[in-house]
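Presented below is the structure to which this report refers.
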Amino acid sequence: MASTIFVQSSFPSKCLNKSLNTHFLPSYKLHDSLSFKPRIAFQKRFSVRAGLIEPDGGKLVDLHVAEPERELKKREAASLPRVKITRIDLQWVHVLSEGWASPLTGFMRESEFLQTLHFNSLRLGDGSFVNMSVPIVLAIDDSQKERIGESNRVTLVDSDDNPVAILTDIEIYKHPKEERVARTWGTTAPGLPYVEETITNAGNWLIGGDLEVIEPIKYHDGLDRFRLSPVELRQEFERRNADAVFAFQLRNPVHNGHALLMTDTRRRLLEMGYKNPILLLHPLGGYTKADDVPLSWRMKQHEKVLEDGVLDPETTVVSIFPSPMHYAGPTEVQWHAKARINAGANFYIVGRDPAGMGHPIEKRDLYDANHGKKVLSMAPGLERLNILPFRVAAYDQTQGKMAFFEPSRAQDFLFISGTKMRTLAKNKENPPDGFMCPGGWKVLVEYYDSLTPSDNGRIHEPIPA
């Protein structure tokens with residue numbers, strides 16, 4: 001039996017049957033000339049029904065070659081012009097192949113690139129829109145373009161010259177680097193990590209087309225078992241009889257403030273009338289900047305969080321999101337949210353300054369800390385996703401644990417910044433009891449200990465966890 005509930009959210013997903021009663025209750029105002037009220041700022045009345053949200057475009061894209069055809073495709077790949085791809089390009093092949101970017105079927109052609117760059121969305125054949133906020137493109141240089149010649153198919157090979165995929169019905173077009181950077185990051189200031197890693201020295205051409213991925217992408221780093229595709233995640237949610245899925249992305253170790261946000265979200269969903277909301281704890285697993293904790297250490301720390309009972313393994317699915325990180329703030333957080341729709345999530349938790357970073361030149365944040373959640377609530381193509389802004393959590397010195405900040409007794413709360421946390425871990429000092437589970441903190445200390453300078457003063461490369 002479906003039960004009627006009130007839920008503060010954006011427009012409902014297709015698994016929610018909307019009643020006729022709609023009550024607009026603004027939770028905050030945007031002071032602009034249009035006086036536009038975002039979708040997150042009102043309540044709607046829903047009837048809860050079991051079932052996962054539909055992926056963008058109605059079905060998940062799967063770009064893998066069927067197993068019986070793989071040997072034939074390898075022989076075909078050997079006869080085509082070759083384009084060597086980088087480690088980050090390979091991560092994008094992984095993202096595309098599993099349908100995270102559905103309904104995109106390969107690296108963007110120019111029309112898709114321009115729609116993404118200027119509209120943060122793609123128009124489908126039926127006239128509808130899906131969100132797409134970051135360009136997923138493949139750069140080539142002049143010599144590669146010349147080798148391709150008139151061919152309409154190329155083989156993508158990895159750093160060891162192994163064939164990864166065939167790109168078909170290709171289109172080659174100019175790579176407008178400055179425009180791409182300016183519109184994606186809102187600045188062309190030097191020092192943007194993803195830009196310096198992938199764009200500045202990239203070729204002056206982009207090549208788009210449909211992907212035929214010869215074999216599923218594997219990294220053989222001991223973490224492949226955590227890399228569940230959207231199809232596998234949906235199967236897991238159905239196996240657990242989830243009637244709501246709420247996603248939490250992070251690229252940092254989990255402390256008890258994060259855990260409070262996640263457990264409180266589940267409590268809220270239960271109060272709304274859901275019977276079995278499942279948490280998707282979804283750390284980003286692609287490229288991250290050099291000072292972020294490496295994926296293998298983060299995953300080891302996340303496992304300790306579950307082992308120590310901070311999060312309930314019965315209601316939590318831990319999986320790796322294979323996307324590279326742009327650090328592009330409100331533009332990028334739309335991509336993070338859109339990809340989770342394709343994985344089956346109909347609720348997305350968003351916090352302060354999502355996908356943000358410090359300004360590369362000036363001593364300030366690059367983005368307004370509140371713009372990410374506001375943009376998500378208004379973004380075209382994300383109407384079906386329910387956005388859950390999380391409350392600020394800090395260390396409550398009167399209770400000896402992480403709690404939601406109360407301005408009326410601000411003096412009781414201690415804010416432990418990421419910088420402070422790293423300093424404590426590097427010095428092998430313990431944070432206040434209740435800040436992070438002991439097992440998780442031990443992993444963090446071990447990681448920073450692995451970076452201790454050697455006798456010649458050089459910092460060691462981090463040892464995989």
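Nothing here was measured: the structure is a model prediction, and the numbers come from that model.
A salt bridge is absent between Asp368 and Arg352: the closest approach of a Lys/Arg side-chain nitrogen to an acidic carboxylate oxygen does not fall below 4.0 angstrom. One finds no salt bridge joining Glu271 and Arg268 here, because no Lys/Arg side-chain nitrogen approaches an Asp/Glu carboxylate oxygen to under 4.0 Å. Looking at Glu215 and Arg70, no side-chain N of the basic residue comes within less than 4.0 Å of a carboxylate O on the acidic one, giving no salt bridge. Electrostatic pairing of Lys338 and Glu332 does not count as a salt bridge here, judged by no charged N lying under 4.0 Å from a carboxylate O. Between Lys300 and Glu446 there is a salt bridge, with a side-chain nitrogen of the basic residue lying less than 4.0 Å from a carboxylate oxygen of the acidic one. The pair Glu238-Arg234 fails the salt-bridge criterion, with no side-chain N (NZ, NE, NH1 or NH2) lying under 4.0 Å from an Asp/Glu carboxylate O.
By the 6.0 Å contact criterion, NZ on Lys84 is enclosed, its count of non-hydrogen atoms from other residues, nucleotides or ligands being greater than 12. Atom NZ of Lys420 sits in a sparse spot, with 12 or fewer heavy atoms from other residues, nucleotides or ligands closer than 6.0 Å. In Gln399, the CD atom is crowded: over 12 heavy atoms of neighbouring residues, nucleotides or ligands sit closer than 6.0 Å. Other residues, nucleotides and ligands contribute at most 12 non-hydrogen atoms within 6.0 Å of the NZ atom of Lys304.
When atom types are taken as modelled, the side chain of Arg384 and the backbone of Glu54 share a donor-acceptor pair closer than 3.5 angstrom. Proximity of a side-chain donor or acceptor of His258 to a complementary backbone N or O of His255 within less than 3.5 Å is detected. A donor-acceptor pair is defined here as one N or O able to donate and one able to accept, closer than 3.5 Å; no such pair exists between the side chain of Asn346 and the backbone of Ala244. Under the 3.5 Å distance criterion, the side-chain polar atoms of Ser121 are left unmatched by any main-chain donor or acceptor of Phe129. Using a distance-only test at 3.5 Å, with no hydrogens or angles considered, no donor-acceptor pair links the side chain of Asn162 to the main chain of Asp158. Side-chain atoms of Asp264 do not come within 3.5 Å of backbone N or O of Leu260 as any donor-acceptor pair. In this structure, the side chain of Ser97 does not engage the main chain of Val213 through any donor-acceptor pair within 3.5 Å. A donor-acceptor pair under 3.5 Å is formed between the side chain of Glu383 and the backbone N or O of Gly381. Not a single donor-acceptor pair under 3.5 Å links the side chain of Arg391 to the backbone N or O of Phe404. Side chain of Arg298 to backbone of Val293: a donor-acceptor contact under 3.5 angstrom is found.
In this pair, Trp335 and Trp92 present their aromatic rings tilted. The plane angle is within the 30 to 60° band. By the 30° and 60° cut-offs, the orientation of the rings of His336 relative to Phe321 is perpendicular.
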Handout entry: From CA spacing to verdict: side chain to side chain contact (heavy atoms under 4.5 Å, CB included), Asn430, Trp441
Key = CA-CA 8 Å; Asn430 290 324; Trp441 183 255; 3.6 Å; yes
Exercise for the section: Please assess Asp396 against Arg409 for the test salt bridge (charged side-chain N to carboxylate O under 4.0 Å, His left out), listing each intermediate value before the final yes or no. Expected result: CA-CA 10 Å; Asp396 187 341; Arg409 54 185 191 94; 2.7 Å; yes
Exercise for the section: Take Glu314 and Arg266, measure what salt bridge (charged side-chain N to carboxylate O under 4.0 Å, His left out) needs, and give me the verdict at the end. Expected result: CA-CA 13 Å; Glu314 294 300 314; Arg266 188 168 197 275; over 6 Å; no
Handout entry: Lys426 vs Asp449, salt bridge (charged side-chain N to carboxylate O under 4.0 Å, His left out): CA-CA, chis, key distance, verdict
Key = CA-CA 7 Å; Lys426 287 175 183 176; Asp449 191 46; over 6 Å; no
Practice task
Show your reasoning for whether side chain to side chain contact (heavy atoms under 4.5 Å, CB included) applies to Arg267 and Thr263.
Solution key: CA-CA 6 Å; Arg267 177 191 62 77; Thr263 54; over 6 Å; no
Practice task
Under the side chain to side chain contact (heavy atoms under 4.5 Å, CB included) rule, what do Met108 and Met132 come out as? Steps first, then yes or no, please.
Solution key: CA-CA 11 Å; Met108 291 177 175; Met132 181 56 70; 3.4 Å; yes
Handout entry: Stepwise side chain to side chain contact (heavy atoms under 4.5 Å, CB included) test for Arg251 and Met325
Key = CA-CA 9 Å; Arg251 66 176 197 270; Met325 187 76 191; 3.5 Å; yes
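Rounded to the nearest 0.5 Å, atoms CZ (Phe248) and OG1 (Thr265) are 8.5 Å apart. Atom CG of Leu281 is separated from atom CE of Met262 by 5.0 Å, given to the nearest 0.5 angstrom. With rounding to the nearest 0.5 Å, the separation of OH in Tyr348 from CG in Leu280 is 10.0 Å. Taking CG of Asp243 as the start and CG of Asn241 as the end, the distance is 9.0 Å to the nearest 0.5 Å. The structure places CG of Asn427 at 13.0 Å from CZ of Arg422, a figure rounded to the nearest 0.5 Å. Leu138 CG to Ile88 CD1: the interatomic distance, rounded to the nearest 0.5 Å, is 12.5 Å.
The aromatic ring centroids of His282 and Trp100 lie less than 6.0 Å from each other. Ring-centre distance between Phe405 and Phe415: below the 6.0 Å cut-off. Checked against the 6.0 Å centroid threshold, Phe107 and Phe113 do not count as a close aromatic pair.
Residues Pro230 and Gly99 come closest through the heavy atom pair CG-C, 4.3 Å. Pairing each heavy atom of Leu382 with each of Ala337, the nearest pair is CD1-CB, 4.2 Å. Across Leu63 and Thr105, no two heavy atoms sit closer than the pair CD1-O, 3.4 Å. What you find for Leu104 and Val61 is that their closest heavy atoms are O-CG1, 3.8 Å. A pairwise comparison of heavy atoms in Gly356 and Tyr327 identifies O-CD2, 4.1 Å as the closest pair.
Residues that satisfy the salt bridge (Lys or Arg N to Asp or Glu O under 4.0 Å) test with Asp62, not counting sequence neighbours, are absent from this structure. Scored by the ring pair (Phe, Tyr, Trp, His ring centres under 6.0 Å) test, Tyr219 finds His94 as partners (sequence neighbours excluded).
Between His302 and the options Val254, Val310, Val443, a side chain to side chain contact (heavy atoms under 4.5 Å, CB included) holds for only Val254. When each of Tyr194, Tyr287, Tyr367 is checked for a ring pair (Phe, Tyr, Trp, His ring centres under 6.0 Å) with His326, only Tyr194 meets the rule. For the side chain to side chain contact (heavy atoms under 4.5 Å, CB included) test with Thr184, the passing option among Ile199, Leu117, Thr116 is Leu117; the others fail.
A side-chain donor from one of Asn131 and Gln334 sits under 3.5 Å from a side-chain acceptor of the other. In the model, Tyr395 has no side-chain atom that pairs as donor or acceptor with a side-chain atom of Asp433 under 3.5 Å.
Counting only heavy atoms from C-beta outward, the side chains of Ile320 and Leu223 approach each other to under 4.5 Å.
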